[in-house]
Structures are given as C-alpha cells and as structure tokens.
Amino acid sequence: MPANPQPSFASEHSPNRRTRLLAAASAAVVAVVTTVVALTSYSANAETTAATHDPVIMVPGMTGTPSNMDTMKSNLQSNGWAANRLFTWTDSSSMTQDLAKAAQELGTKVDQVRSQTGASKVVLATWSASTLAARYYIKNLGGADKVSQYIGYAGPQHGTTNNGCQFYVSCQQFGSANSPFLRELNSGTEVPGHPQVAYMTIRSVKDTNAAPYDTAKLAGADDNHLLSGPAAPTHFTIIKDATALAAMRAFIIAHENPPTGTPTPTTGTATPTSTTAPPTSTPAGQCFTSSNYSHVVAGRAHNSYGYALANGSNQNLGLNNLHVTTKLRQTAANYYVIDSTCA
C-alpha cells in the first residue's frame with residue numbers, strides 16, 4: 001500500500017499557508033491559556049469564598065455524641081461551607097461533668113481548630129448543656145477574643161423545670177435558675193464579649209427539656225429566634241430542623257466580619273423571622289403547684305419509670321417524689337403543661 005501522500009516542502013512553507021498556520025496556532029494557544037486562567041481563577045475564587053466563613057465547632061448536649069451534629073454539619077457543607085472548616089466535638093465527659101471543666105476543654109479545641117485552619121476566630125454552634133459551657137468559656141477563659149459568633153440551640157440558660165437528671169454534675173448546675181453556676185454565669189451580662197461576639201439563640205415552643213422554652217433566651221442577644229406552630233421541633237430535633245438551620249446560616253452570613261468597633265446589627269432582613277408570633281398573654285387555665293408525687297396522686301400527672309409525666313402533654317416533670325416541686329397549668333380537660341408563670 002502506498003504511503004499517505006505528504007505535502008511538499010514548498011506547499012507546507014508557502015508564505016500564505018505559513019501565515020495562516022501561525023495565526024491559527026497562536027489563537028489556539030491563547031484559547032488554552034485563557035481557559036486555564038479562567039478555571040484557575042474560578043477554583044481560587046471558590047476556595048476564597050468558602051474560606052471566608054469562620055470555622056464552625058458544633059457541640060452536642062449532655063450525654064450526646066459528636067454524631068448528633070452530623071445533620072448540621074452536612075447542611076452547612078451543602079450550603080457552601082468548606083468541609084475542612086467544619087468540626088463536631090464534645091468534651092471528655094459528654095457534658096456531664098462540671099461545665100467549667102468542659103469549658104476549659106472547649107478552649108483547647110478552639111485553639112486546635114484555629115491552629116489547624118489558620119483562622120483567628122471560630123463560630124460555636126452549641127446545643128443544650130453545651131450552650132452553658134461555651135458561654136463560660138467566652139466569659140471566663142478568654143474566649144471573647146477567639147469566638148466570632150455564638151449559636152445556642154435549646155439551652156437551659158436560666159435553668160429548667162425538667163431537672164430529674166441531677167445525678168449528673170452538669171445537670172445540678174442548670175437544674176435550678178438559682179444555682180451558683182448560673183448566678184455567676186448570668187451576672188453582669190448574659191452575652192459576654194458582645195458586640196465583638198455576635199449572639200443567637202434558637203428555641204422552640206415544643207421543647208419540654210429546656211423548660212419553659214423561654215429559658216433559652218439571652219438578654220442582649222442579637223437574635224432570640226423562636227420556632228412555633230404545628231411544625232415546631234422538639235428539644236431533640238431542633239438541631240436537625242431545616243428552618244432552624246436556615247436561620248443559623250443566615251445569621252452567620254449577616255454577622256461575618258463586622259466592621260471593627262461597630263456594634264453588631266440587632267435586626268436585619270437576612271435572618272428569617274418566626275412564622276407564628278410567641279404568646280403575648282398568660283394562657284388561661286387553673287394553676288397547681290405541688291410536688292411531683294402529689295401531682296401524680298391528684299391525677300394531674302402519671303408515673304413512668306420513676307418520673308412524673310404531665311397528663312395530656314406528657315412533659316417530664318422530673319423524678320416522681322416529694323422533693324421536686326413543679327408548677328402545672330390545666331389548659332384543657334386532663335391536659336396539663338409546665339408553666340413557671342403560675343402563681
């Protein structure tokens with residue numbers, strides 16, 4: 001078979017032909033370079049955008065594990081946060097020890113994350129008991145200089161009436177609004193480091209663990225976000241709730257890199273508002289204040305594995321004994337709820 005015919009030297013290198021080939025080659029090189037530069041620029045911009053978010057440390061509550069926060073972590077990552085700036089963690093006791101000790105361990109974790117990421121500050125996204133350890137760290141252990149934002153989900157910031165867990169040291173610290181730990185933590189200001197640290201709390205009307213639910217509010221917070229209505233989450237689902245997570249993301253973005261010396265805005269359209277307004281008046285119904293044992297005997301509550309549960313609402317009043325007193329309000333026939341506003 002004859003070889004493929006090859007162009008002659010003269011035709012290959014004729015002036016017009018050569019000019020056209022050089023022009024085409026130059027255009028191809030420019031196109032390749034432009035494409036590479038564009039892709040490199042896009043990649044760099046994407047990484048820069050992701051890196052603008054401060055690292056987030058997500059901390060579960062008492063007896064919780066870091067895996068409790070996996071939904072939150074995945075939600076942030078799917079909405080633009082870089083995976084290498086998202087951390088789930090808990091202290092050596094799963095928040096059952098002295099919360100001041102847990103706060104010290106949190107400080108060590110914050111320093112480790114700052115060193116690993118090169119960030120000067122972190123966001124603390126906390127749940128239940130860890131909300132208190134994080135505030136203690138900010139107030140007493142130098143955290144105000146290392147935390148840009150504090151997010152507290154369903155925290156017993158002012159104690160809880162659902163306090164039958166006091167076999168744990170941490171529960172003894174938040175089981176009463178008058179505990180020495182909470183008195184010290186809430187003294188002066190409930191938002192230490194503000195406005196340098198932006199504060200958000202997220203609570204739900206269906207939370208029966210941090211009860212009453214307004215215990216989760218912090219005076220002076222930039223946003224005390226209330227979830228209400230039929231779809232409101234419980235204490236255990238609030239950290240997975242899509243509305244709560246969207247509110248947290250909007251808050252973080254709205255409060256990132258505030259101008260130096262300028263107070264963090266207290267309002268803004270970026271933060272979603274509750275779909276249903278919180279109650280503005282005291283609910284109707286007769287109040288009953290007595291021991292949990294007496295509530296059970298009187299038929300306002302029932303025993304369940306040593307705990308007293310309010311009839312109708314099934315709110316946990318704590319241990320079924322004579323030593324724990326709870327205020328109940330009857331809101332319907334054989335339906336009782338915990339209500340600290342009862343006289």
Side-chain angles (χ1 to χ4, degrees), residues 57-69 88-109 124-141 143 150-186 190 201-204 207-216 218 234-239 291-293 301 303-310 314-326 338 340:
I57 303 176
M58 292 155 273
V59 191
M62 188 178 68
T63 74
T65 66
S67 63
N68 294 143
M69 315 304 282
T88 57
W89 173 89
T90 190
D91 73 309
S92 59
S93 76
S94 298
M95 294 292 157
T96 62
Q97 65 179 329
D98 178 0
L99 291 173
K101 174 63 175 175
Q104 293 176 1
E105 295 184 25
L106 175 59
T108 300
K109 180 63 178 179
L124 297 180
T126 59
W127 174 40
S128 197
S130 68
T131 63
L132 304 176
R135 274 207 300 141
Y136 189 97
Y137 164 66
I138 294 171
K139 180 175 184 177
N140 299 311
L141 301 177
Y150 167 101
I151 317 289
Y153 283 80
Q157 309 282 9
H158 306 93
T160 178
T161 55
N162 189 350
N163 54 13
C165 55
Q166 295 190 48
F167 39 85
Y168 293 123
V169 173
S170 60
C171 187
Q172 295 171 20
Q173 293 177 312
F174 63 74
S176 166
N178 294 316
S179 72
F181 180 86
L182 287 182
R183 285 202 306 269
E184 188 280 328
L185 184 59
N186 292 330
E190 295 184 3
T201 69
I202 304 177
R203 69 197 194 283
S204 170
D207 190 344
T208 59
N209 281 59
Y213 58 82
D214 275 349
T215 188
L218 289 174
T234 68
H235 185 81
F236 299 102
T237 61
I238 193 169
I239 54 171
S291 70
N292 289 346
Y293 176 80
N303 181 74
S304 177
Y305 299 100
Y307 289 87
L309 304 184
N314 281 323
Q315 290 180 322
N316 192 331
L317 313 185
L319 293 175
N320 180 16
N321 60 35
L322 292 168
H323 306 293
V324 180
T325 298
T326 306
I338 299 171
S340 63

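Numbers here are sequence positions counted from 1.
The side-chain hydrogen bond (donor to acceptor under 3.5 Å, both in side chains) search around Thr201 returns Asn224, not counting sequence neighbours. Looking at residues two or more places apart in sequence or on another chain, you find a side-chain hydrogen bond (donor to acceptor under 3.5 Å, both in side chains) between Glu105 and Ser92, Gln97. For Tyr136, the ring pair (Phe, Tyr, Trp, His ring centres under 6.0 Å) test picks out Phe181, with sequence neighbours left out. Partners of Asn292 according to the side-chain hydrogen bond (donor to acceptor under 3.5 Å, both in side chains) rule, which considers only residues two or more places apart in sequence or in another chain, are Thr326. Looking at residues two or more places apart in sequence or on another chain, you find a side-chain hydrogen bond (donor to acceptor under 3.5 Å, both in side chains) between Ser128 and His235. When the salt bridge (charged side-chain N to carboxylate O under 4.0 Å, His left out) test is applied to Lys109, no partner is found at least two apart in sequence or on another chain. Asp214 pairs by the salt bridge (charged side-chain N to carboxylate O under 4.0 Å, His left out) definition with Arg203, not counting sequence neighbours.
For residues 58-68, every residue pair satisfying the side-chain hydrogen bond (donor to acceptor under 3.5 Å, both in side chains) rule, not counting sequence neighbours, is listed here: Thr65-Ser67. Listed by first and then second residue, the salt bridge (Lys or Arg N to Asp or Glu O under 4.0 Å) pairs that reach into residues 163-175 come to none, sequence neighbours excluded. Listed by first then second residue, pairs satisfying side-chain hydrogen bond (donor to acceptor under 3.5 Å, both in side chains) with a partner in residues 169-182 read Asp98-Gln173, not counting sequence neighbours. Sorted by first then second residue, the side-chain hydrogen bond (donor to acceptor under 3.5 Å, both in side chains) pairs that include residues 160-169, not counting sequence neighbours, number zero.
Atom CD1 of Ile57 and atom CD1 of Ile151 lie 13.0 Å apart (nearest 0.5 Å). Separation of atoms CZ (Phe174) and CG (Leu132) is listed at 7.0 Å; rounding is to 0.5 Å. Between the CG atom in Leu319 and the CG atom in Asn303 there is a gap of 10.0 Å [rounded to 0.5 Å]. Expressed to the nearest 0.5 Å, how far CG of Asp207 lies from OG1 of Thr215 amounts to 9.5 Å. Here the straight-line distance linking atom OG1 of Thr96 with atom CG of Asp91 works out to 7.0 Å at 0.5 Å rounding. Interatomic distance, CG of Leu185 versus CG of Asn140, reported as 7.5 Å (0.5 Å rounding).
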Test side chain to side chain contact (heavy atoms under 4.5 Å, CB included) on Val59 and Met69 and set out the steps. CA-CA 7 Å; Val59 191; Met69 315 304 282; 6.0 Å; no
Evaluate side chain to side chain contact (heavy atoms under 4.5 Å, CB included) for Arg135 paired with Asn186, printing each intermediate quantity in order. CA-CA 9 Å; Arg135 274 207 300 141; Asn186 292 330; 2.7 Å; yes
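Of all non-hydrogen atoms in Cys171 and Met62, the two that sit nearest each other are CB-SD, 4.1 Å. Here the closest heavy-atom approach between residue Tyr150 and residue Leu218 is recorded as CE2-CD1, 3.9 Å. Looking at every heavy atom in both residues, Thr237 comes nearest to Thr234 through OG1-N, 2.9 Å. Pairing each heavy atom of Thr126 with each of Ala134, the nearest pair is CG2-CB, 3.7 Å. Closest non-hydrogen pair, Met95 versus Ala102, comes out as SD-CB, 3.9 Å. In terms of heavy atoms, Thr90 sits closest to Gly64 at CG2-O, 4.3 Å.
In terms of modelled atom types and a separation under 3.5 Å, the side chain of Ser130 and the main chain of Trp127 share a donor-acceptor contact. Counting only distance, with no hydrogens or angles, the side chain of Ser291 and the backbone of His323 share no donor-acceptor pair below 3.5 Å.
Side-chain contact between Leu317 and Ile338 is present, with heavy atoms from C-beta onward closer than 4.5 Å. Taking the side chain as every heavy atom from C-beta outward, Thr208 and Asn316 never approach each other to under 4.5 Å. Using a 4.5 Å heavy-atom cutoff, the side chains of Leu141 and Gln104 are in contact. Within the 4.5 Å cutoff, no side-chain heavy atoms of Leu124 are placed close to those of Met58. Residues Ile239 and Tyr153 meet the side-chain proximity criterion, which asks for heavy atoms closer than 4.5 Å.
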